[in-house]
Amino acid sequence: MSRTDGAVTGSLANGRRRIVDLATSLPVWAAVLLVWGGGRVVSTSWLALAYPLMGRAMPDNAIWGNEHGFLAFLTAWDGQYYEQISVHGYPTTLPLDAGGHVAQNAWAFLPAFPFAIRMLTASTGVPFELGAPLVALVSGLVAAFLLHRLVSDHAGRAAGMWAVFFFTCGPLSFLLQVGYAESTFLALSFGALLALERRRYGLLTLLGVVAAFTRPGALALPLLLGVVALVRWVRARRAAAGTGVRSLDAFPVAERLRVVAAGLAMAAAGLAWPVIASHVTGRPDAYLETEMSWWVNFIGRVEFTPMTPWFLIAGRWLGVGGVLIVVFLLVAYPVWLLRRSTRALGSTTVLYSAAYALYIFAVSLPMASTPRLLMPLAPLFGSPELVARPWMRWTFVSCALLGQPVLVAVLWLLGPP
């Protein structure tokens, strides 16, 4: 290496150290705000670069045409359904395709996010195209603070800041400022996990119920609560059997009743939307058939069977090799969760990551939307082994920053994420 190359390398290393030193020297709130703000500048820049390119490429397209403006660009794809719900509500009659099957419609999208935008637009007069990104931005900032607390409580401040960085600046972070419900759901989910760790069951119930009406996936919370309660109960019984003392007082009856009430309320909320859709439309299968209408372009029309979608699409497109890949993931993911470095994030995060991944595997079909569906697993970004060595840290940083324009192009421009 020449003297010049060594000087450049040393300068880059010093620059990286100064950035890290700055982030760690600031108060937590300021550091999180700085990282979140930097992430939003980066994401806005990539989206702003993409917007005119696609506007020129497809000037007559209702989504991309420049005459609709940049804010309309930020509320494209699923944002159009949220706008329909926010302005007009849900259809009482399901649309049908030429074959008489249920077509894609607004019942696939839950009401909390668009109704929150309706309250904002009604009270301030701002249009949906501005209200939706605003709600997403504020929710994303709240989610970043909650994520830092969730990770740092167990793995330390540095791990919390790395988790916030990958969450707010990573390849999918542009979704935190578009007209999608992702950031709202993430804020509610991270808040619910913190409430569970602090055994604030009333707050947990409130956040879990609202999350259940924000985006699918909130059923992971009552499942998590059930597992945590079962573990506590078994440990209390073992302690009581070993000492002959009423160690069940460590998990008193009053708390057990609150746990049961919270779990039942969140489970009922998580299962309520298909019942509501059935009641309003008069079709018992309204919600299921609506969701399945998005599957048609990938695997045709099939009957829904839990725990089979990933095998179904893997076998359809990759044959036996695809099925083996799914089996490998089913084995490798739990093994990774059980590693000591991952368990450093705390049992709540590890168990939630298992419960949520199980939900996604059980009911969703792998497609373009799968990456954003996995965003609630963001606490795993705080795993110490991901940033254990300098070369590893900066490799992940480079991949995070360089991956965002790729996913903006692939997921936001070429098809709905």
**Q.** Close side-chain approach of Phe165 and Phe381, heavy atoms under 4.5 Å
**A.** no
**Q.** Pairs satisfying ring pair (Phe, Tyr, Trp, His ring centres under 6.0 Å), at least one member in residues 84-141, at least two apart
**A.** Tyr81-Phe109, Tyr82-Phe109, Tyr82-Phe113, Tyr90-Trp107, Tyr90-Trp273, Trp107-Trp273, Phe109-Trp294
**Q.** Geometric cation-pi criterion, Arg258 with Tyr201: 6.0 Å, 45°
**A.** no
Q | Sidechain-backbone polar pair: Arg118 side chain, Ser86 backbone, donor-acceptor under 3.5 Å | A | yes
**Q.** Distance (rounded to the nearest 0.5 Å) between Arg340 CZ and Thr342 OG1
**A.** 12.0 Å
Q: Enumerate the residue pairs fulfilling salt bridge (Lys or Arg N to Asp or Glu O under 4.0 Å) with a member in residues 72-99, sequence neighbours excluded, ordered by first and then second residue.
A: Asp78-Arg372, Asp97-Arg301
Q | Atom of Pro171, atom of Leu407 and distance for their closest heavy-atom approach | A | CB-CD1, 3.4 Å
(Q) Return the CZ to CG distance between Phe396 and Leu401, rounded to the nearest 0.5 Å. (A) 13.5 Å
Q. Side chains of Glu197 and Leu204: does their closest heavy-atom pair fall under 4.5 Å?
A. no
Q) Going from CZ on Arg40 to CG on Leu141, what distance comes out if it is rounded to the nearest 0.5 angstrom? A) 9.5 Å
Q) About how many Å separate CG of Leu147 and CG of Leu186, when rounded to the nearest 0.5 Å? A) 9.0 Å
Q) Between Glu385 and Arg339, is there a side-chain N and carboxylate O pair less than 4.0 Å apart? A) yes
(Q) Quick one, Leu386 with Trp162, criterion side-chain contact (heavy atoms from CB on, under 4.5 Å). Give me CA distance, side-chain angles, the key distance, then yes/no. (A) CA-CA 9 Å; Leu386 296 181; Trp162 281 114; over 6 Å; no
Q. Are any non-hydrogen side-chain atoms of Leu312 and Phe304 less than 4.5 angstrom apart?
A. no
**Q.** Minimum side-chain heavy-atom gap Leu175-Ser183 below 4.5 Å
**A.** no
Q: Please say whether more than 12 non-hydrogen atoms of neighbouring residues, nucleotides or ligands are located less than 6.0 Å from CZ in Arg149.
A: no
Q. Which of these, Val178, Thr75, Leu176, sits in a side-chain contact (heavy atoms from CB on, under 4.5 Å) with Pro133?
A. Thr75
(Q) In the structure I gave you, are the side-chain heavy atoms of Val164 and Phe145 within less than 4.5 Å of one another anywhere? (A) no
Q) Do other residues, nucleotides or ligands put more than 12 heavy atoms under 6.0 Å from Trp295 CH2? A) yes
Q. Taking all atoms of both residues into account, what is the closest heavy-atom pair of Trp36 and Ala144, and its distance?
A. CD1-CB, 4.4 Å
Q: Find out whether Leu358 and Leu223 are in side-chain contact, i.e. whether some heavy atom of one side chain is under 4.5 Å from a heavy atom of the other.
A: yes
**Q.** Test log, rule side-chain contact (heavy atoms from CB on, under 4.5 Å), inputs Cys169 and Val35
**A.** CA-CA 8 Å; Cys169 303; Val35 174; 4.1 Å; yes
Q. If every non-hydrogen atom of Phe190 is compared with every non-hydrogen atom of Pro376, which pair is closest and at what distance?
A. CE2-O, 3.8 Å
(Q) Nearest 0.5 Å, please: how far is CZ in Arg198 from CG in Leu193? (A) 11.0 Å
Q.
Holding to side-chain hydrogen bond (donor to acceptor under 3.5 Å, both in side chains), I want the full list of residues that pass it with Tyr359, two or more places apart in sequence or in another chain.
A. none
Q) What are the two closest non-hydrogen atoms of Thr121 and Val126, and how far apart are they? A) CG2-O, 3.1 Å
Q) What distance do Leu318 atom CG and Ile313 atom CD1 have between them, rounded to the nearest 0.5 Å? A) 9.0 Å
Q: For residues Leu194 and Asp153, determine if any side-chain heavy atom of one lies less than 4.5 Å from a side-chain heavy atom of the other.
A: yes
Q. If you look at every heavy atom in Val326 and Ala314, which pair is closest and at what distance?
A. CG2-CB, 3.7 Å
**Q.** Expected output: side-chain Trp317 to main-chain Phe298 donor-acceptor under 3.5 Å
**A.** yes
(Q) Checking Trp310 against Ser364 for the side-chain contact (heavy atoms from CB on, under 4.5 Å) test, could you report, in this order, the C-alpha distance in whole Å, the side-chain angles of both residues, the deciding distance, and whether it holds? (A) CA-CA 8 Å; Trp310 286 58; Ser364 73; 3.7 Å; yes
Q. Are Thr184 and Ser139 linked by a side-chain donor-acceptor pair shorter than 3.5 Å?
A. yes
Q: Return yes if some donor-acceptor pair links the side-chain N/O of Ser293 with the main-chain N/O of Thr290 below 3.5 Å, else return no.
A: yes
(Q) Under a 3.5 Å distance rule, please check whether Arg256 uses its side chain to pair with a backbone N or O of Phe251 as donor and acceptor. (A) yes
Q.
When you compare the side chain of Val32 with that of Val28, does any pair of heavy atoms fall below 4.5 Å?
A. yes
Q: Identify the two heavy atoms, one from Gly263 and one from Leu225, that lie closest to each other, and give their separation to 0.1 Å.
A: N-CD2, 3.5 Å
Q: Decide side-chain contact (heavy atoms from CB on, under 4.5 Å) for Val397 and Trp394; before the verdict, give the C-alpha distance in whole Å, the side-chain angles of both, and the deciding distance to 0.1 Å.
A: CA-CA 5 Å; Val397 168; Trp394 296 109; 3.8 Å; yes
